[in-house]
Amino acid sequence: MNAILITGGAGAIARAIAARAAAAGWRPVTLDLRPPEAPLPNEAFRVCDFADREQAQAVLAEVAAAHAPTRLVNNVGIVRPAPLEETSAEDLAAVLEVNLRSAVLAAQALLPAMREAGFGRIVNIASRAALGKELRTAYAASKAGLLGLTRTWALELASQRITVNAIGPGPIATELFRRANPDNSPRTRAIIEGVPVKRLGTPEDVAHAAAFFLDDRAGFVTGQTVYVCGGLTVGLAGV
């Protein structure tokens, strides 16, 4: 059974992507600090702290050896909201290590299997915040970095039949979003009202886009970013 590696695999978006992957006949291999509440049939889970580089590299090496995944979804991420003047060097480093360095380590670990198979799919879960969002200095920098990695890797790996694409979710109803945007906050209500489709996105909305990029038939699409944002990136600003 072909394997797909999903980092941050216990989160809501990852669970939706894993479910779509399982439905397509791939074995989800998920990494996170905690196991998923409802594991999927044939799912393999490993504890992994991407803030710990040595541990992450060791776990990734074990996964690559045991499962040889040829599909990768770089989904793990943290957010530490703060205005520019309150963004500490420690917060910046922590966010970049988890959100950006993890993608590099995971891709490096899986490249040998992809090259041997002559096939690979990498999907980086970025964010609409990469285009700019208040109180997100560290987070926006990390997600903008993912977009740069996406385009660079797409060029480097295209001749090896490995595609690399990104998804930029807008406001998605996840635990991570709600921690940064409490339900009773006027700012949260303003975000929802500012979305052209007048709702928050769902993890399944993101999984649908990921399923396209991960498909065998998507081999002529690489280096692209799709914003799953309810229309926010069309031209509206300030949300």
Side-chain angles (χ1 to χ4, degrees), residues 7-14 16 32-34 48-53 56 73-106 123-152 165-203 205-206 209 225-239:
T7 67
I13 288 176
D32 211 322
L33 289 172
R34 66 185 191 281
C48 185
D49 181 2
F50 279 101
D52 183 332
R53 179 178 58 83
V73 178
N74 285 309
N75 171 75
V76 66
I78 61 172
V79 57
R80 296 190 179 180
L84 170 60
E85 62 272 22
E86 296 176 17
T87 299
S88 67
E90 292 76 16
D91 282 348
L92 178 60
V95 172
L96 292 178
E97 285 168 4
V98 174
N99 297 7
L100 197 57
R101 185 180 68 189
S102 65
V104 176
L105 296 180
V123 176
N124 294 321
I125 305 299
S127 170
R128 180 196 166 274
L131 301 177
K133 182 173 175 60
E134 293 176 346
L135 308 179
R136 298 293 187 275
T137 290
Y139 186 74
S142 71
K143 295 303 186 176
L146 275 179
L147 300 185
L149 293 183
T150 297
R151 292 188 291 268
T152 299
N165 293 285
I167 297 173
I172 306 295
T174 66
E175 180 183 352
L176 181 64
F177 176 85
R178 288 196 163 98
R179 282 204 303 265
N181 303 276
D183 288 340
N184 59 352
S185 166
R187 186 178 186 85
T188 301
R189 175 50 51 187
I191 290 173
I192 296 172
E193 290 301 318
V195 177
V197 301
K198 301 301 179 185
R199 69 170 175 88
L200 294 176
T202 67
D205 289 325
V206 181
T225 301
V226 168
Y227 289 98
V228 181
C229 64
L232 278 175
T233 58
V234 174
L236 296 180
V239 294

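These values consider heavy atoms only, across backbone and side chains, with no hydrogens, waters or symmetry-generated copies.
Shortest non-hydrogen contact noted between Ala14 and Gly9 is CB-CA, 3.6 Å. Taking every heavy atom of both residues into account, Ala56 and Leu105 meet most closely at CB-CD1, 4.3 Å. Annotation for Thr225 and Gly168: closest pair CG2-N, 4.3 Å, computed over non-hydrogen atoms. Heavy-atom minimum distance, Thr233 versus Arg128: CG2-CG, 3.8 Å. When all heavy atoms of Ala126 and Pro169 are compared, the pair lying nearest together is O-CD, 3.3 Å. Here the shortest heavy-atom pairing between Leu135 and Pro83 reads CD2-N, 3.7 Å.
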Candidate pair Val206 and Ile172, rule side chain to side chain contact (heavy atoms under 4.5 Å, CB included), full reasoning: CA-CA 9 Å; Val206 181; Ile172 306 295; 3.9 Å; yes
Could you check Asn165 against Val226 for side chain to side chain contact (heavy atoms under 4.5 Å, CB included), going step by step and ending with a plain yes or no? CA-CA 8 Å; Asn165 293 285; Val226 168; over 6 Å; no
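The pair Arg187-Glu134 meets the salt-bridge criterion, with a side-chain N (NZ, NE, NH1 or NH2) lying under 4.0 Å from an Asp/Glu carboxylate O. Between Arg189 and Asp183, no side-chain nitrogen of the basic residue sits less than 4.0 Å from a carboxylate oxygen of the acidic one, so the salt-bridge criterion is not met.
You'll find the side chain of Val95 stays beyond 4.5 Å of the side chain of Val79, heavy atoms only. Residues Asp91 and Ser88 form a side-chain contact, since some pair of their non-hydrogen atoms from C-beta on lies under 4.5 Å apart. By the 4.5 Å heavy-atom criterion applied to side chains, Val234 and Pro196 are not counted as neighbours. When side chains are defined from C-beta on, Ile125 counts as touching Val123, because their heavy atoms get closer than 4.5 Å. Under the 4.5 Å side-chain criterion, counting only non-hydrogen atoms from C-beta, Val195 is not in contact with Arg199.
In this structure, CG on Leu146 lies 11.0 Å from CZ on Arg151, to the nearest 0.5 angstrom. Atom CG of Asn124 is separated from atom OG of Ser102 by 9.0 Å, given to the nearest 0.5 angstrom. Rounded to the nearest 0.5 angstrom, Leu100 CG and Leu149 CG are separated by 5.0 Å. We find the CD1-OG1 distance between Ile192 and Thr188 to be 7.0 Å, quoted to the nearest 0.5 Å. Between the CG atom in Asp205 and the SG atom in Cys229 there is a gap of 10.5 Å [rounded to 0.5 Å]. Residue Phe50 holds its CZ atom at 8.0 Å from CG of Asn74, rounded to the nearest 0.5 Å.
Side-chain atoms of Ser185 never come within 3.5 Å of backbone atoms of Asn181 as a donor-acceptor pair (strictly under, hydrogens ignored). Within the 3.5 Å criterion, the main-chain N or O of Ala10 finds a donor-acceptor partner in the side chain of Asp32. Lys133 places no side-chain N or O within donor-acceptor distance of the main-chain N or O of Tyr139, the cut-off being under 3.5 Å. Listed for the Lys198 side chain is a donor-acceptor partner under 3.5 Å among the backbone atoms of Glu193. Asp49 contributes a side-chain N or O that, together with a main-chain N or O of Ala51, makes up a donor-acceptor pair within less than 3.5 Å. Of the possible polar contacts, none joining the Thr137 side chain to the Thr87 backbone as a donor-acceptor pair under 3.5 Å is found.
With sequence neighbours left out, the side chain to side chain donor-acceptor pair (under 3.5 Å) criterion links Ser127 to no other residue. Considering only residues two or more places apart in sequence or on other chains, Asn99 meets the side chain to side chain donor-acceptor pair (under 3.5 Å) condition with Ser142.
Judged purely by distance below 3.5 Å, without hydrogens or angles, the side chains of Thr7 and Asn75 never pair a donor atom with an acceptor atom.
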